[in-house]
Amino acid sequence: MSREQLSLRIKEWVENNKEEAVALASKLVQIESVNHPPVGNEAEYQRFFAEWMVGQQGEVDTYELSEVPGLSEHPAYMSSRRYDNRPNVVGRFFGAGTGRSLMFSGHADTVYQGNEPWTYPAFSGEVADGKLYGRGSYDMKGGMAAALMAVKCLKDLEIPVAGDVFIESVVDEEHGGANGTLAGRLRGPNADMAIIPEPTNMDLYPAHLGGGIWKATFQGKSGIGFAGEVLVSALEATVEFANLLKAYNAYRNEHLEVPSWWQNGRKAEVALLTIFSGDVNRELQEKLPANGELNFWIEGYPGMTGEGIIEDLWKFYDAQVKDYPTLQICRPQIRPLIRYLSASEMKLDATGKEFLQLVSESGEKALGSFPEPPKGSPFACDGFMFNLYSSTPALVLGPSGGNAHAADEYLDLTSYEQLIQWYAEIIVNWCGVTDKAE
């Protein structure tokens, strides 16, 4: 069978199995696997994932994070989470020992559904107008379903893939987790290359941003000043600090050196997340609030650290505080709420460049045209656990959709079907086929 004939068979299989592909993605969405730090409820999802792979004759390893030697002692481990009944799952397929290996690695957990109204229930997996709705459909169960279906495609077609293909589902990636991904790197397997099916809108991200969440707290002097007391509104200090952070974002946009991956894309940003002041349980307040809190997110590029980012923020604060009268007398206390998720980029030696070129060529078969040139992602993810703490370089590549972490999150089904074909083509081109395919 020629390579062109094989691509045609893959394309036909994807077209003929669209209903099954949609049903699988919908089922994954219907299994609620929300992360509630420090705990999470990924267990049922992971059981289904493991059983599905066993049904496809995969060699499946299901393990608790506590079984991984050296995990809690590792410098990249975050100690604030609990992992009772939160297993990792990895399946191995194909592999005649003569080809290169490839891993698809993604997280089982999602953020919670929120309190905003949804057009369709958050865990319905409802399909309408070419979209599959539900929490996790886009981030990132759709991408993982595409990896599963790509393996099923090649198995159904009896393509003798030469190298090992691994599909790994890890727990606790959201909310600054990534301990599940670290456990996978310590336990193995560690393939020659990895693809992380985060939602990239079909773009290639060899590099990804980093980021962290911090809390600033303010302590003022409460009251209404009947006796001439000097009062300090923690609310005013909190609002001023919010404005200072917005100014810091503008300052960074002007002065921060931007790596080439992000020159033509979204730059690293500062974002305000939540703000509280006073007694939030009372609608009527009779005094200036004595306390304030502001949670904020700051992104970084490869090589930056959370400590370095906050040190730079304090330098900016001290240089600008003259313009913020309440901050002059009400200095915040700042502490991290999550680990800093390091930015990283895959190693682009000769092998890494070959892989990127091969992925682009495979994409041309699935998309009908070459994908856009590789660039840096506009989000943080767990790719750094591959790129910084293992021998496996990781490329981020996943489906299109929208409303990640928001109401009416959806997976674009056209891109999902294309991604199944793209992943299958990548497996064939990277892992190779044995002589039996001739």
Side-chain angles (χ1 to χ4, degrees), residues 10 13 17 20-21 24-25 27-28 31 33 42-71 83 85-108 140-141 143-171 173 180-197 382 385-386 390-394 420 423-437:
I10 291 172
W13 186 95
N17 289 271
E20 181 180 356
L24 175 62
K27 178 62 178 179
L28 296 183
I31 303 175
S33 56
E42 303 100 330
E44 182 184 352
Y45 178 92
Q46 295 292 69
R47 281 194 294 271
F48 176 88
F49 209 93
E51 290 170 359
W52 193 97
M53 292 194 294
V54 168
Q56 293 299 314
Q57 295 77 51
E59 297 177 9
V60 178
D61 180 21
T62 299
Y63 61 92
E64 300 290 337
L65 271 60
S66 60
E67 300 174 18
V68 180
L71 176 63
Y83 293 107
N85 197 28
R86 302 177 71 184
N88 273 1
V89 175
V90 59
R92 173 187 174 273
F93 300 90
F94 309 116
T98 58
R100 297 176 291 197
S101 58
L102 178 65
M103 170 173 281
F104 295 90
S105 177
H107 58 86
M140 59 177 293
K141 294 180 178 182
M144 292 302 288
L148 293 173
M149 291 301 296
V151 164
K152 188 175 190 304
C153 167
L154 297 177
K155 288 183 66 65
D156 284 357
L157 295 176
E158 299 182 341
I159 305 303
V161 177
D164 291 327
V165 176
F166 303 98
I167 302 181
E168 175 185 70
S169 180
V170 302
V171 299
E173 189 270 354
T181 313
L182 176 60
R185 308 291 62 73
L186 295 177
R187 184 179 177 94
N190 287 297
D192 293 318
M193 286 288 169
I195 292 176
I196 299 176
D382 58 355
M385 289 300 188
F386 284 90
S390 84
S391 60
T392 303
I420 295 170
Y423 284 170
E425 293 282 354
I426 293 171
I427 292 170
V428 170
N429 288 337
W430 176 253
C431 299
V433 294
T434 68
D435 293 339
K436 297 177 184 178

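Using a 4.0 Å cut-off between charged side-chain N and carboxylate O, R100 and D192 make no salt bridge. Ion pairing between a basic and an acidic side chain is recognised when a charged N comes within 4.0 Å of a carboxylate O; E64 and R86 show no such pairing.
No donor-acceptor distance shorter than 3.5 angstrom exists from the side chain of N88 to the backbone of Y63, with no hydrogens or angles considered. Under the 3.5 Å distance criterion, the side-chain polar atoms of Q46 are matched with a main-chain donor or acceptor of S169. Checking side-chain atoms of E44 against main-chain N and O of E42 turns up no donor-acceptor pair under 3.5 Å. Put simply, the side chain of N190 gets close to the backbone of R185: a donor and an acceptor are under 3.5 Å apart. Between the T392 side chain and the F386 main chain, no donor and acceptor come within less than 3.5 Å of each other. Here the side chain of K141 pairs a donor or acceptor atom with the backbone of I31 at under 3.5 angstrom.
Judged by distance alone, the side chains of S101 and D164 never bring a donor and an acceptor atom under 3.5 Å apart.
Contact record, M144 with P197: SD-CG, 3.8 Å, taken as the closest heavy-atom pair. Between F94 and G163 the shortest heavy-atom distance is CB-O, 3.7 Å. Nearest heavy atom pair, residue L71 against residue L186, reads CA-CD1, 3.7 Å.
Note: W52 CH2 to M149 CE = 6.5 Å, rounded to the nearest 0.5 Å.
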